[in-house]
Amino acid sequence: MRIDIVCVVPDLLKSPFEASIMKRAIDKGHVEVHFHNLRDYTNNKYKQVDDYQYGGGAGMVLMAEPIDKCLGQLKSERQYDEIIYLTPDGHRLDQQMANTMSLQQNLIFLCGHYKGIDQRVRDMHITKEISIGDYVLSGGEVAAIVLSDAIIRLIPGVLNDETSALTDSFQDNLLAPPIYTRPAEYKGHKVPEILMSGHKKKIEEWREDQALKITKEKRPDLI
Ligand code: 6GU
């Protein structure tokens with residue numbers, strides 16, 4: 001997989017790709033991540049990327065030209081499966097969407113900033129618009145990190161058995177059951193007996209019961 005991240009603050013983005021699972025996925029060759037600064041695609045000598053909005057109103061808008069130039073350049077180099085604009089008014093990200101995108105080859109993530117981007121580049125280039133939740137961030141960069149992490153960990157071969165994505169919360173539309181590790185008793189708090197019984201089937205049943213109970217309590221909307 002190749003991900004091209006187009007934004008105005010690449011420095012906000014880079015370090016999460018330099019540690020842990022995302023770094024390992026890059027080092028093992030499962031994914032390439034490239035960063036593009038919209039300021040490098042400006043024509044004016046001040047490298048200005050934003051301007052006031054027509055019709056008035058507070059907040060700046062990212063101009064069409066630098067975005068069009070950057071996306072046009074990338075699209076001339078390879079075919080993209082999706083050109084995704086990260087915006088609070090997009091479709092809300094869920095596990096199903098991450099699963100689908102994890103099987104794709106080439107993705108562009110365009111990060112909005114300020115009030116957003118000129119509608120004309122949305123119409124011209126964007127194939128999908130994604131929000132990471134119903135709250136507002138100061139820019140799409142943080143959302144691009146979230147989306148990248150959600151997708152990259154699902155690429156076949158990135159996680160091993162111990163970190164398998166199959167048992168994650170949401171993979172079966174339920175939250176995950178409680179988990180424990182050694183010691184068996186900590187400050188008087190004991191690990192549930194069943195988990196130490198060795199009965200595989202009973203343990204599986206207990207986990208399913210717990211997952212259902214917790215989901216009903218915390219996220220009844222999922223059931
Ligand atoms: Cl993708 N961008 C911004 N700026 N805020 C958000 C978001 C995206 N998703 C939720 N809030």
Side-chain angles (χ1 to χ4, degrees), residues 1-17 21-22 25 31 33-42 47-68 70-71 74-75 80-104 106-155 168-170 175 218-219 221-222:
M1 178 185 288
R2 175 186 168 114
I3 301 176
D4 287 278
I5 303 183
V6 176
C7 63
V8 285
V9 201
D11 283 350
L12 203 55
L13 270 170
K14 290 183 177 165
S15 67
F17 295 92
I21 286 171
M22 291 211 279
V31 62
V33 183
H34 299 266
F35 303 94
H36 308 274
N37 189 339
L38 286 170
R39 287 190 205 285
D40 298 337
Y41 295 83
T42 50
K47 299 195 176 219
Q48 184 191 346
V49 291
D50 58 331
D51 209 334
Y52 298 99
Q53 54 177 313
Y54 278 116
M60 306 297 276
V61 178
L62 285 178
M63 292 187 288
E65 190 186 23
I67 297 174
D68 179 42
C70 181
L71 297 184
L74 289 171
K75 285 164 86 174
Y80 284 92
D81 299 294
E82 298 281 9
I83 301 181
I84 298 166
Y85 174 43
L86 289 149
T87 177
D89 57 0
H91 298 281
R92 190 167 57 196
L93 178 64
D94 62 21
Q95 192 61 42
Q96 174 67 48
M97 287 156 78
N99 289 349
T100 303
M101 286 183 277
S102 73
L103 301 171
Q104 292 175 324
N106 296 312
L107 299 170
I108 293 178
F109 297 166
L110 172 63
C111 305
H113 228 264
Y114 317 111
K115 274 283 147 189
I117 66 175
D118 191 299
Q119 181 63 37
R120 290 166 294 185
V121 272
R122 279 168 97 152
D123 300 338
M124 288 162 68
H125 291 291
I126 301 301
T127 63
K128 196 192 263 303
E129 300 188 329
I130 294 180
S131 156
I132 63 161
D134 292 339
Y135 43 82
V136 178
L137 304 169
S138 45
E141 284 83 1
V142 172
I145 296 166
V146 171
L147 180 59
S148 300
D149 187 300
I151 292 173
I152 289 171
R153 61 190 295 285
L154 296 172
I155 298 171
D168 288 343
S169 279
F170 297 111
L175 303 184
K218 294 199 246 181
R219 293 293 307 276
D221 58 296
L222 292 176

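Bear in mind the structure is a predicted one, so any value in this text is a computation, not a measurement. Counting starts at 1 for both ligands and their atoms, in listed order.
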*For D134, what residues pass the salt bridge (Lys or Arg N to Asp or Glu O under 4.0 Å) criterion, not counting sequence neighbours?*
R92
*Hey, does I67 have a side-chain heavy atom less than 4.5 Å from the side chain of V6?*
no
_Do L137 and I132 have side chains that approach each other closer than 4.5 Å (heavy atoms only, starting at C-beta)?_
yes
Are any protein N/O atoms closer than 3.5 Å to the N/O atoms of ligand 1? If there are, list each pair with names and the distance to one decimal place.
from, atom 1, to, atom 2, distance (Å)
ligand 1, 4 (N), L137, O, 3.1
ligand 1, 5 (N), L137, N, 3.0
ligand 1, 9 (N), S131, OG, 3.4
ligand 1, 9 (N), I132, N, 2.9
ligand 1, 11 (N), Y135, O, 2.5

_Partners passing salt bridge (Lys or Arg N to Asp or Glu O under 4.0 Å) against D89 (at least two apart in sequence or in another chain)_ = R122
_Sole candidate of D118, V121, L38 that passes side-chain contact (heavy atoms from CB on, under 4.5 Å) when paired with L62_ = L38
_ring-ring contact (aromatic ring centres under 6.0 Å, His included) involving Y52 - partner list, sequence neighbours excluded_ = none
